[in-house]
Amino acid sequence: MRVLVGMSGGVDSTLAAHLLKEQGHEVIGVTMTIWSERAHLTPKEDSRSCFAPNSAETIARVKETCEKLGIEHTTLELSKNFEELVLANFTTEYLSGRTPNPCVWCNTLIKFGAMVDYAKESGLVFDTFATGHYARIIESEGRFSLARALDVKKDQSYFLYRLSQKQLATTCFPLGSLTKEEVLARAISLGYHSPEIEESQDFYDGDYTDLLEIEDKLGKIVHLDGRALGEHRGIHRYTIGQRKGLGIAAERPLYVIALDAKANEVIVGYQEDTLQHTVVAKEVVWQSRTSLDQPVAAMGKVRSASTPTACMVHQEKGRLVAHFPDGIHAAALGQSLVLYEEDRVLAGGIISEAF
RNA sequence: UGGGAAGUCGCCAAGUGGUUAAGGCUCCGGUUUUUGGUGCCGGCAUUCGUGGGUUCGACUCCCCCCUUCCCAG
């Protein structure tokens, strides 16, 4: 089989490529660039984004690694797509008082979307696309569903839940059943791990508001009880649940409870005010199930870095409604609700309401 | 310029003769993290409105001045 592997130059993607080759596949490495359109924003020389590095040095390093692996390597320029499909939405969402998750959209639209298409158009021949993501794909009865990685601590299925059946059918995650420790140990023994090959791969390693290019728009910071407590420089600088950066010295810490785009106000309250029990998500992507006839028990995640929480979920028109008996804190509109049954992702969507 | 009260870190606020001048909030740094955010860890007044005085020793007692607030004008 011919496999195209998304390479960042990091330990994970490098080992993924190595494992595929070891399994006897014909492997091609690919790296995409997505920042050219906004090159002027590059905050650091070595800024990288997933397997979309910013600097020529990083790409050179990836090529070196591929040589070492004995595989071909190609770089694809996707910054226009990234700009139009991810960054434009990123900005619109923030202006609307929501908190977008660019990685979720980039994965389905760019990385596993436009880039794969573009790779084929540019003449690369491959059957499957692979990445170093920690997630698994389970096939049963002709249906593919995304599942958590065996190493739950490193699981990245939250960022991948929007992948379609078509995408999952031609994707594989070689690291899905390995732990980070195993990956690291293996990479070190193979000589693929060095100080230059850093682990961290950020979406953007500057201040995200730089990407927005939105003018400051002064407004009020208002407490739930109606008191005006201070001023803000624009609602796009805040996210629901945020504590830091309000600049208001109160008796207790204050958290952002809501963002009112119309009134240009940031609504704040105390920690207990962030507690919610119901989350509604739209733009649903079904994974292990295709619909819900009746409520089912599931584990729900409302943000990437949080442990799944027990909930009852049902379908209401095209939306998912999850009820969390024990409550959750500050689900931010625009982030994703991802539901799990055991290890499998049941479905997920964009949070449109939480209360 | 009559009467009363008060001035301790950016904000709030303990401390009333001998403390390393609490604590909370804000802020800053680190950590966690392929978004944002949370959480966690750490940092943050040699100085108590100013100037004198009493005392072995004062943020704590006394006096002047400055400032603020309340009442009366």
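Just so it is clear, the values below take in all heavy atoms, side chains as well, and ignore hydrogens, waters and symmetry mates. Keep in mind that this is a model prediction, so the values were computed, not measured.
Atoms CZ (A/Arg303) and C1' (B/G39) sit 11 Å apart, rounded to a whole Å. Atom CG of A/Leu160 and atom C1' of B/U35 are 13 Å apart (whole Å). Across the protein-nucleic acid pair, A/Trp105 atom CH2 and B/G36 atom P stand 18 Å apart, rounded to whole Å. For the pair A/Arg237 CZ and B/G37 C1', the interatomic distance rounds to 16 Å; values are reported in whole Å. Summarising the geometry, the separation between CZ on A/Phe82 and C1' on B/U35 is reported as 10 Å, rounded to the nearest angstrom. Look at CG on A/Leu212: it is 11 Å from C1' on B/G36, rounded to the nearest Å. Rounded to a whole Å, the CG atom of A/Leu87 is 13 Å from the P atom of B/G36. Atom CG of A/Asp12 is separated from atom P of B/U33 by 12 Å (rounded to the nearest Å).
A donor N or O paired with an acceptor N or O is not found under 3.5 Å between the base of B/U38 and the side-chain atoms of A/Gln242. Within 3.5 Å, a donor on the side chain of A/Ser304 pairs with an acceptor on the base of B/U35, or the reverse.
Residues A/Ile59 and A/Thr33 form a side-chain contact, since some pair of their non-hydrogen atoms from C-beta on lies under 4.5 Å apart.
Nucleotides B/C66 and B/G10 have their P atoms positioned 24 Å apart, rounded to a whole Å. The separation of B/C63 from B/U1, taken at their P atoms, amounts to 22 Å, rounded to a whole angstrom.
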Please list, pair by pair, any protein nitrogen or oxygen found under 3.5 Å from a nitrogen or oxygen in nucleotides 25-31 of chain B.
from: B/C25; atom 1: O4'; to: A/Ala250; atom 2: O; distance (Å): 3.3
from: B/C25; atom 1: O2'; to: A/Ile248; atom 2: O; distance (Å): 3.4
from: B/C25; atom 1: O2'; to: A/Ala250; atom 2: N; distance (Å): 2.7
from: B/C25; atom 1: O2'; to: A/Ala250; atom 2: O; distance (Å): 3.2
from: B/U26; atom 1: OP1; to: A/Arg243; atom 2: NE; distance (Å): 3.4
from: B/U26; atom 1: OP2; to: A/Arg243; atom 2: NH2; distance (Å): 3.0
from: B/U26; atom 1: O3'; to: A/Gly247; atom 2: N; distance (Å): 3.4
from: B/C27; atom 1: OP1; to: A/Gly245; atom 2: N; distance (Å): 2.7
from: B/C27; atom 1: OP1; to: A/Leu246; atom 2: N; distance (Å): 3.3
from: B/C27; atom 1: OP1; to: A/Gly247; atom 2: N; distance (Å): 3.3

Please tabulate the protein-to-nucleotide N/O contacts below 3.5 Å involving nucleotides 12-14 of chain B, giving atom names and distances.
none

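For A/Tyr255, whose side chain is taken as the heavy atoms from C-beta onward, the closest listed nucleotide among B/U35, B/G37, B/U38 is B/U38.
No engagement by A/Tyr238 is indicated, since no non-hydrogen atom pair under 4.0 Å with the nucleic acid exists.
Classified by interplanar angle (parallel below 30°, tilted 30° to 60°, perpendicular above 60°), the ring pair A/Tyr208/A/Phe90 is perpendicular.
Around the CD atom of A/Glu342, the shell of radius 6.0 Å holds no more than 12 heavy atoms that belong to other residues, nucleotides or ligands.
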